[in-house]
2 protein chains.
Amino acid sequence: MNFVRKILNSRSDEDGNFFVELEDILGFKTKRKKFYKKAFTHRSMNQKDTKGNSVNYERLEFLGDAMLSSVISGYLFNEVPSGNEGYLTKMRSKIVSREHLNELGRDLKLIDLVQSRIPKDNFGENIHGNLFEALVGAIFLDRGYKYCEKFIDYRVISPYVDIERLEGKVISYKSLLIEWCQKEKKSFKFDVYDDTGNDELKHFAVKLFIDNRVAGKARATSKKKAEEKASKRAYFAFQKQISQ
Amino acid sequence: MNFVRKILNSRSDEDGNFFVELEDILGFKTKRKKFYKKAFTHRSMNQKDTKGNSVNYERLEFLGDAMLSSVISGYLFNEVPSGNEGYLTKMRSKIVSREHLNELGRDLKLIDLVQSRIPKDNFGENIHGNLFEALVGAIFLDRGYKYCEKFIDYRVISPYVDIERLEGKVISYKSLLIEWCQKEKKSFKFDVYDDTGNDELKHFAVKLFIDNRVAGKARATSKKKAEEKASKRAYFAFQKQISQ
């Protein structure tokens with residue numbers, strides 16, 4: 001029985017490990033640990049507090065969803081001073097779309113931290129986004145709004161949000177990068193390999209070489225997505241170099 | 001022409017007066033004044049900043065709407081520990097409903113502070129809620145999230161939000177109060193008078209006397225609403241006395 005429980009319940013038995021992994025994701029130290037434990041407790045654990053209220057991440061999703069939406073609103077408000085209300089609303093829904101939240105949660109491997117009595121294969125795709133929202137809710141309760149802003153900037157805005165791309169002005173960073181390499185007379189090559197590991201879904205890893213040096217790496221569920229991600233990273237790295 | 005402008009543009013010509021009135025509504029001192037000026041500038045003023053971006057309250061509505069929603073979410077999360085996600089979402093939509101926001105903005109007489117080139121009679125009902133949202137957006141930019149929480153607690157939660165009422169458990173404070181008066185052998189009387197003044201809509205003011213002393217006052221667009229409001233205020237005042 002203990003053996004079965006160990007398989008189903010993959011949160012590190014030692015809270016120590018749980019918080020080491022979590023703080024690596026967060027980029028800061030946690031204070032009130034209980035909120036994070038709740039954010040990674042699935043309802044199947046049937047936990048209750050002393051007053052009989054359920055202890056799991058579902059209510060934290062409600063809170064985190066609202067905080068995420070506010071932080072992104074604040075970001076867009078400052079970032080796009082020419083955008084009207086309708087534009088800002090549209091951009092916000094693209095950033096906080098279910099699909100995007102699932103991608104964020106999956107990339108951070110939040111599912112590895114969940115404590116559950118049902119096998120993780122049964123969770124369905126939305127678990128990733130739900131955990132991401134719950135985590136933002138826990139951050140708010142632990143450290144307040146400022147830390148939500150920091151975390152969302154670190155894990156959502158900096159790596160993923162790109163207004164030009166969201167506006168559909170840039171369709172593909174891969175073609176943008178190829179164009180740039182041709183203009184600058186640089187060679188480029190994508191190295192793709194299977195990187196599924198323990199994941200339930202097939203994953204690909206990509207290394208992008210420019211002039212035979214690694215210029216970007218990425219991992220995604222399709223070859224095309226991984227190439228696009230690596231291209232975007234390389235593109236921004238080059239832009240930074242050029243502007244310095 | 002100056003005379004016409006003076007009629008249409010009812011923001012106090014002196015910024016001094018504008019901020020005295022505004023800080024009375026806010027309950028705290030403002031720092032970065034420009035955000036509040038923007039929150040009360042109608043698009044008909046055709047103001048632009050040095051980069052050609054429109055200066056009016058419309059973008060601030062987007063920001064304030066998100067902050068309001070977050071603050072109410074945080075409040076409900078803490079206040080109703082037994083409520084699940086669906087319940088919390090339903091309660092939040094009741095509190096931030098268009099109708100409720102219009103009521104909030106109207107009660108604070110935000111429209112008196114607006115700078116506009118079109119007559120205020122042409123604004124329509126939603127101006128009240130829009131200004132309220134824009135004001136919350138300005139507070140966020142000026143003083144941050146904490147002050148949004150303070151302001152919303154002061155002007156929304158404390159005077160208006162009542163979970164029992166929202167849940168439909170309390171249908172009428174008037175009947176609750178009458179019942180209480182009968183039980184306590186106290187006399188009660190509602191004094192209603194017309195209080196339309198300069199408003200475009202008809203308004204009623206109500207004084208509620210309990211044992212011949214004023215126990216609650218209110219003002220609303222119908223006699224019934226004003227009586228209900230006055231009853232609620234008196235009911236909570238009595239509850240406070242009893243619990244002390």
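Below, chains carry the letters A, B, ... as their sequence lines are ordered, and counting in each starts from 1. This structure is a prediction, so every number in the text was calculated from the model and none was measured.
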### Summary
Heaviest contributor of heavy-atom pairs below 4.5 Å to chain B, chosen from A:M67, A:E61, A:R59, A:K51, is A:R59
### Query
Can you tell which of A:D142, A:T41, A:L113 makes a side-chain contact (heavy atoms from CB on, under 4.5 Å) with A:Y36?
A:D142
### Query
Counting N and O atoms only, with roles assigned by atom type, does the side chain of B:S116 sit under 3.5 Å from a partner on the main chain of B:I118, one being a donor and the other an acceptor?
yes
### Under 4.5 Å from a heavy atom of chain A, the part of B:Y87 involved
neither
### Message
For chain A, which candidate among B:L76, B:L60, B:N84 shows the most heavy-atom pairs at distances under 4.5 Å?
### Response
B:L60
### Task
Tell me, yes or no, whether the heavy-atom count around B:K109 atom NZ, taken from other residues, nucleotides or ligands under 6.0 Å, exceeds 12.
no
### Task
Scan B:E125, B:H42, B:R98 and name whichever one has a side-chain contact (heavy atoms from CB on, under 4.5 Å) with B:N130.
B:R98
## Note on the structure
Max heavy-atom pairs within cutoff under 4.5 Å with chain A, candidates B:E58, B:E149, B:K146, goes to B:E58
### Message
A quick test of your reading: do over 12 heavy atoms of other residues, nucleotides or ligands sit less than 6.0 Å from CD of B:E23?
### Response
yes
### Message
With a 4.5 angstrom heavy-atom cut-off, is it the side chain or the backbone of A:L141 that approaches chain B, or both, or neither?
### Response
side chain
### Task
Count the heavy-atom pairs under 4.5 Å between each of B:P81, B:G137, B:S69 and chain A, then report the option with the highest count.
B:P81
### Task
Sort out for me which of A:I72, A:D49, A:N78, A:L88 touches chain B most, counting heavy-atom pairs under 4.5 Å.
A:L88
### Message
Looking at A:Y147, I'd like to know if the NZ or CZ of A:K150 sits under 6.0 Å from its six-membered ring centre while staying within 45 degrees of the ring's axis.
### Response
yes
## Note on the structure
If you tally heavy-atom pairs under 4.5 Å between each of B:G86, B:A66, B:G144, B:G74 and chain A, the highest tally belongs to B:A66
